[in-house]
Amino acid sequence: GQEGRGHLIEPDAAQVGRRGKARKVADHAAAQDSVFSLVDENFVQRNRYVFVQTLCKDKDEYLTRPDLGRCFDEENQQKIRAAVPGTPRVQIVVGDGLSSAAITANAMDCLAAIRDGLKLRGIDPGTPIFVRYCRVGAGDAIGDVTGCELVCMLVGERPGLVTDKSMSAYITYQPRTGVSESARTVVSNIHAQGTPAVEAGAHIAGLIETILTKKVSGVGLHLEAGA
């Protein structure tokens, strides 16, 4: 009997191993797909985002030249100026980043909750801008162009083990090119298994109000809170 039982266990273990490997391969494929696929232009139009593109020509250049994902040519700067007349207090930006799937899954609901939360607080949510081939620093370039007081960027994060649909929000007070990374307030893990998009959006609206009141984001805000 002992031997027989051993033989029964082995195929099971092998099967489990194969299933695990197959799942890993599938997860890796989904992650690759998410990094290389583009957010559908219909999604951008349906949500009435203003569409701009960084200096990257394609996804390969985006992955190999992060610096180009932080700035815009003159034509795209003009599009931003035309879409955002005057100097907004808050500029919301949606960027594809490293996961188009994260944006398609979460951006719409999160942005709606942010806009509602800001309106309740008497803060104009303005006109959202969608950035293709977007790095976080693109928000600083948008700050240069619009002169806005604060940028809130929703961006797709690098696909991980848990999900390929994780989005983060980077909130920067006085966003200008050259601002330090520590000057950003970050809300991460926005996805169905983490912080759901609507809940995150409500939290972000509150953070934006606090940052505008304190006139500081990032490390400075935590120091202020601890004082």
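Along the sequence shown, residues are numbered consecutively beginning with 1.
Formation of a donor-acceptor pair under 3.5 Å by the N106 side chain with backbone atoms of K165 is found in this model. When atom types are taken as modelled, the side chain of Y49 and the backbone of V94 share no donor-acceptor pair closer than 3.5 angstrom. For the pair T185 (side chain) and G218 (backbone), a donor-acceptor distance under 3.5 Å is present. Between the side chain of Q77 and the backbone N or O of F72, at least one donor-acceptor pair lies under 3.5 Å. In this structure a side-chain-to-backbone donor-acceptor pair under 3.5 Å is present from D124 to G126. The closest donor-acceptor contact from the side chain of S217 to the backbone of A183 lies under 3.5 Å. The backbone N or O of A202 lies less than 3.5 Å from no partner atom in the side chain of E199, so there is not a single donor-acceptor pair. Without hydrogens or angle criteria, N47 side chain to F43 main chain gives a donor-acceptor distance under 3.5 Å.
Distance CD1/I123 to CZ/R115: 13.0 Å, rounded to 0.5 Å. Going from atom NE2 of H191 over to atom OG1 of T163 covers 5.5 Å, rounded to the nearest 0.5 Å. Rounding to the nearest 0.5 Å gives a distance of 12.0 Å between CG of D164 and CG of L98. One distance of note links SG of C110 with NE2 of H203; it measures 10.5 Å at 0.5 Å rounding. T213 OG1 to I208 CD1: the interatomic distance, rounded to the nearest 0.5 Å, is 11.5 Å. Taken to the nearest 0.5 Å, the OG atom of S168 stands 11.5 Å off from the CE atom of M153.
No side-chain heavy atom of I171 sits less than 4.5 Å from a side-chain heavy atom of V151. Considering only heavy atoms from C-beta on, Q91 comes within 4.5 Å of V84 through its side chain. By the 4.5 Å heavy-atom criterion applied to side chains, P159 and S166 are not counted as neighbours. Considering only heavy atoms from C-beta on, L68 stays 4.5 Å or farther from Y62 through its side chain. Within the 4.5 Å cutoff, the side chain of V179 has no heavy atoms near those of the Q174 side chain. At least one side-chain heavy atom of Y170 sits less than 4.5 Å from a side-chain heavy atom of V155. The shortest distance between side-chain heavy atoms of V131 and I142 falls below 4.5 Å. Within the 4.5 Å cutoff, no side-chain heavy atoms of V187 are placed close to those of T195.
Residues that satisfy the salt bridge (Lys or Arg N to Asp or Glu O under 4.0 Å) test with E209, not counting sequence neighbours, are R121. Looking at residues two or more places apart in sequence or on another chain, you find a side-chain hydrogen bond (donor to acceptor under 3.5 Å, both in side chains) between R184 and D140, T172, E181.
Taking hydrophobic clusters as Ile, Leu, Val, Met, Phe, Trp and Tyr residues chained together by side-chain heavy-atom distances below 4.5 Å, L111 shares a cluster with I204. Under the 4.5 Å side-chain contact rule for hydrophobic residues, V90 and V216 share a cluster. Both V145 and I129 are part of a single hydrophobic cluster, where members link through side-chain heavy atoms under 4.5 Å apart. The hydrophobic clustering, which links ILVMFWY residues whose side-chain heavy atoms are closer than 4.5 Å, places I80 and F51 apart. A continuous path of Ile, Leu, Val, Met, Phe, Trp and Tyr side chains, each step under 4.5 Å between heavy atoms, connects L150 with L207, placing both in one hydrophobic cluster.
Taking every heavy atom of both residues into account, F130 and V39 meet most closely at CZ-CB, 3.7 Å. Scanning all heavy atoms of the two residues, the minimum distance from G147 to T87 falls at O-CG2, 3.0 Å. The nearest pair of heavy atoms linking A102 to G156 is CB-CA, 3.9 Å. Of all non-hydrogen atoms in A82 and P85, the two that sit nearest each other are O-CD, 4.2 Å. Closest non-hydrogen pair, G69 versus C56, comes out as N-SG, 3.6 Å.
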Step-by-step salt bridge (charged side-chain N to carboxylate O under 4.0 Å, His left out) determination, E74 to R81: CA-CA 10 Å; E74 189 52 46; R81 281 190 201 99; 3.3 Å; yes

Using side-chain contact (heavy atoms from CB on, under 4.5 Å), reason through L118 and I92 one step at a time and then give a plain yes or no. CA-CA 11 Å; L118 291 178; I92 299 173; 4.3 Å; yes

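Each side-chain hydrogen bond (donor to acceptor under 3.5 Å, both in side chains) pair with one or both residues in residues 141-154, not counting sequence neighbours, appears once here: R89-E149, D144-T177, E149-Y173. Within the structure, salt bridge (Lys or Arg N to Asp or Glu O under 4.0 Å) pairs that include any residue of residues 61-73 comprise K57-E61, R65-D67 (at least two apart or interchain). Within the structure, side-chain hydrogen bond (donor to acceptor under 3.5 Å, both in side chains) pairs that include any residue of residues 126-139 do not occur (at least two apart or interchain). Pairs engaging residues 95-110 under the salt bridge (Lys or Arg N to Asp or Glu O under 4.0 Å) rule: none recorded [sequence neighbours left out].
A donor-acceptor contact closer than 3.5 angstrom is absent between the side chains of S99 and E157.
Within 6.0 Å of CD on Q193 lie more than 12 heavy atoms contributed by other residues, nucleotides or ligands.
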